[in-house]
Number of protein chains: 2
Amino acid sequence: MRVTIADVARRAGVSKATVSRVLNGKADVDADTAQRIREVIAETGYVPSSRAVGLARGRTRTVGMLVPSLTWPWIGDVLQGVVDVLEADGYGVLLYTCTRGEESLRRFAEQVSGSAFDGLLVIEPENTLDYIAELHRKGLPVVLIDDRGHHPEFPSVATTNRDGGAAAARHLAATGRHRPAVVTGLAHFGCVRDRTEGFAEAAAAEGLLLDPQLVVEGDFTEESGRAAVGKLIASGKPFDAVFAHNDLTASGVLRALHEAGRRVPEDVAVIGFDDIQLAAHTEPALTTVRQPMREMGEAAAGLLLSHLEGVPVSPAPFILPTTLVVRGSSTPQ
Amino acid sequence: MRVTIADVARRAGVSKATVSRVLNGKADVDADTAQRIREVIAETGYVPSSRAVGLARGRTRTVGMLVPSLTWPWIGDVLQGVVDVLEADGYGVLLYTCTRGEESLRRFAEQVSGSAFDGLLVIEPENTLDYIAELHRKGLPVVLIDDRGHHPEFPSVATTNRDGGAAAARHLAATGRHRPAVVTGLAHFGCVRDRTEGFAEAAAAEGLLLDPQLVVEGDFTEESGRAAVGKLIASGKPFDAVFAHNDLTASGVLRALHEAGRRVPEDVAVIGFDDIQLAAHTEPALTTVRQPMREMGEAAAGLLLSHLEGVPVSPAPFILPTTLVVRGSSTPQ
DNA sequence: CTGAAAGCGCTTACAG
DNA sequence: CTGAAAGCGCTTACAG
C-alpha cells in the first residue's frame, strides 16, 4: 500500500542507500541520479516513515512537553510559543499533563523510558522537580519553563520576578500610595520569594510602609484573593494598595474590596501579576506585571533545540523581562 | 546502553519471541517462564522502545491533534479533555497548530504522510475541511471537534447550537425583554446559522420582535462586539437585549454599551455563548450559553479510540447539550 | 559516486 | 509452550 524507500529505489534503478542519500541531502551523489530520484519521489508522493527513520537514527525529532494542567489561563500562550518554534524546525510536540496525579506521571515515565521523544520541556507539576532532575542526569535534554525560583542544575527560562515586584512597589509610590498590602502565592515557590523581596526592597527605598501583618499568603486562586482581603480588613490596619502575586488572586481581591465597599482605585489600588486575558476585563481593568508567556515558550524551545543539536547550553536560567502594564485598578482613567 | 528485549531474553534464558509474548500478555506461556521473565524485566527496568514497537506493529499508539490556535480561550479545556482520555488508554498526543498558515499545514501534511500518528482529532482551522476530508477518505481515522455545522462525512462532536440560541431567546422573554438584537459570528459558520435560527424561532414563539436590522454580523472578536453596538445604536431602532454569538463578542458589547451610557442589565440585557473563564469576570458578569468544552474533548477522544480499536463509529455528529448560565448581565442580582 | 549488508528493536507467522 | 527467521522501513559504515 504505502510507498517505501525500496519502491522508490526500484523505480529509479538505484539502491536504497542512494535514495537515502538524496533524502538526507548528503553530498557525493551524481547530479543526474539525484535528479531522477527526486522525480520518482515527486511522482510517487513518497514520504519517509517517521517510525522507521526514528528507529534507524535513534532519535524521533519529537519533543515532550509536560504541564501540570492545560486549563490554566497562561498555559496556552506558553504552548503556542513552544509549538511555533519547534514546528518551524520540523519537530513534533508530544503533550503530557498531570491532572490525573500519580497515574499520569506513571504513564509519562513509561513514555520517557520508551524514548518516545528526544528532549523535554516542562512547566513543573508540584513536587516533580527531583524526578525531572533525575531524567536530566540520566541524559535526557530538559528545559524547565518558569523555574519558580528553584534554580535547578539544568537549563531553564524564567522572568524577572524580583524586578516585577519592585516595579509594582515603585508604581504605587509614584501614584501616591503609602500603605501597601501584599497577597502572595504559595510561600515555598521561589518566584513568590523573589516577588516579595523585590517588592519589599523597592517599597523600603521609596519610603512605603510595609507592615508584615499586611502580607498575607495566598495560593494563586481567586478565592485566596477574596479570603486575603477578609484578613486584611479584619486586621484593622489601614492599607491603600494591594499587590497580588497573580491576576487570578488580584481578581478575587477586586471583588472582595468591592463587596466591602472599598473603591478601586480611589480607596485602594490593586496590582496583579501575569497579565492574563482576564486582567484587561476586570472592573476596573487590572494594572499588572506582565510576564511574556509566549516568549518564554519560544525561548525554552529554542534552548532545547540547541541542546538537541549539540550546542552546549548553560544551566544558568535564561531570564526574560517583566513589564508593568498600567490600567484602571491603580490609577483613575 | 539501553536495555533491549535481546538483553532480557538472554538473562532469562529464553528467546526474544517469548519475552515479547509476556510483554504483550499473550496466553500460552508457561507460568514459571513468564514469572522469570517478569523478574528480569523488573530488575533491569526494561521498557520496550516505542519506536521499535511502532515500526513492527505499524501503529504508534499516538494521536494527532490539530488546532487553529492554542491561545483561544476555550482550546485549553478541549485539550485537557482529549489528553485525559487518551492518556488513560496509553496514547500519546501530538500537537499541531496552524498559526503559521500554509507553512504549518505543509509541516503537518508531512507528519501525516510519514504516519507519525494513528488517528487525528481536529478543531478545524479555516478552510481546511476539504483537506481533512481527504485524509479521512485515504483511511486516516478522524474526529472533528465543533463541526461548525459543516456536517462532514466523518465522525464529529458538536453541541446543541440551535437549542442554545433558543434558550437565550426564551430567557430574554421570561425576564421581560421585548426587542432583542443579535451580534452573530461569521455568517458562513454552520454554528452561527444554527444559533441564529434557534434564537429567531424561539423569539417568534415567545412573541419577541426580532427586527432584521438589529441582527449584525460579527467575527467572534471583542472588537466586533464593540463595533456592532455602534451600528445598533446608529440604526436608531430601540433594543433592550443583545444576544452575542460568543463571550468575547459579548464582552465587547458590554463595554460599548457602558461607554454609550446604557445600563446593563437595566436598559439592555446581554447574553453570550461559550462560558469561557472571562464570562464570570465581566462587569456585570455575563449570562451565557455554556458549551461543555472539556466534555467535547473527552467525547471526541473516546470516539477516536473506538475507531482505532476497530469499533465502527457513526458519521452522525455526537451532540452535547448546551446549558444556560444566568448571571448579572441579564437579571439584576 | 554507488551498492550490499548489517543494524535499529521490536512482532509475528511458521514449525515443532 | 517455545524458538528461528523474516519483516517493519529506514540509515550507516564498509568496500569498491
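None of these values were measured; they are calculated from a predicted model. Within every chain, numbering begins at 1; the chains are lettered A, B, ... in the order of the sequence lines, protein sequences first and strands thereafter. All values below come from the heavy atoms of this structure, side chains included, with hydrogens, waters and symmetry mates left out.
Under the 3.5 Å distance criterion, with hydrogens and angles disregarded, a donor-acceptor pair is assigned to the side chains of A/Q291 and A/T159. Looking at B/T71 and A/D77, their side chains never bring a donor and an acceptor atom within 3.5 Å of each other.
Atom CG in A/N24 sits 5.0 Å away from atom CZ in A/R57 (nearest 0.5 Å). Atoms CE and CG, on B/M293 and B/L320 in that order, are 10.5 Å from each other to the nearest 0.5 Å.
Ion pairing of A/E103 with A/R106 is present here, as a side-chain N (NZ or NE/NH1/NH2) and a carboxylate O approach within less than 4.0 Å.
Look at CZ on A/R36: it is 12 Å from C1' on C/dT2, rounded to the nearest Å. Following rounding to the nearest Å, B/D30 (CG) and D/dG3 (P) show an atom-to-atom distance of 11 Å.
Distances shown here put every side-chain N or O of A/T18 at or beyond 4.0 Å from the OP1 or OP2 atom of C/dC1.
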Strand DNA chain C in bracket notation, Watson-Crick/G-U under 3.5 Å with | for pairs to another chain: |||.||||||||.|||
Nucleotides 6-13 of chain D: protein proximity per nucleotide (B base, S sugar-phosphate only, - neither; heavy atom, under 4.0 Å): -BBBBSBB
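For A/E102, the CD atom counts as loosely surrounded, since its 6.0 Å shell holds 12 or fewer non-hydrogen atoms of other residues, nucleotides or ligands. The 12-atom threshold is exceeded at OH of A/Y131, counting heavy atoms of other residues, nucleotides or ligands nearer than 6.0 Å.
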Residues B/S50, A/Q111; criterion side chain to side chain donor-acceptor pair (under 3.5 Å); working and verdict: CA-CA 8 Å; B/S50 47; A/Q111 301 272 325; 5.6 Å; no
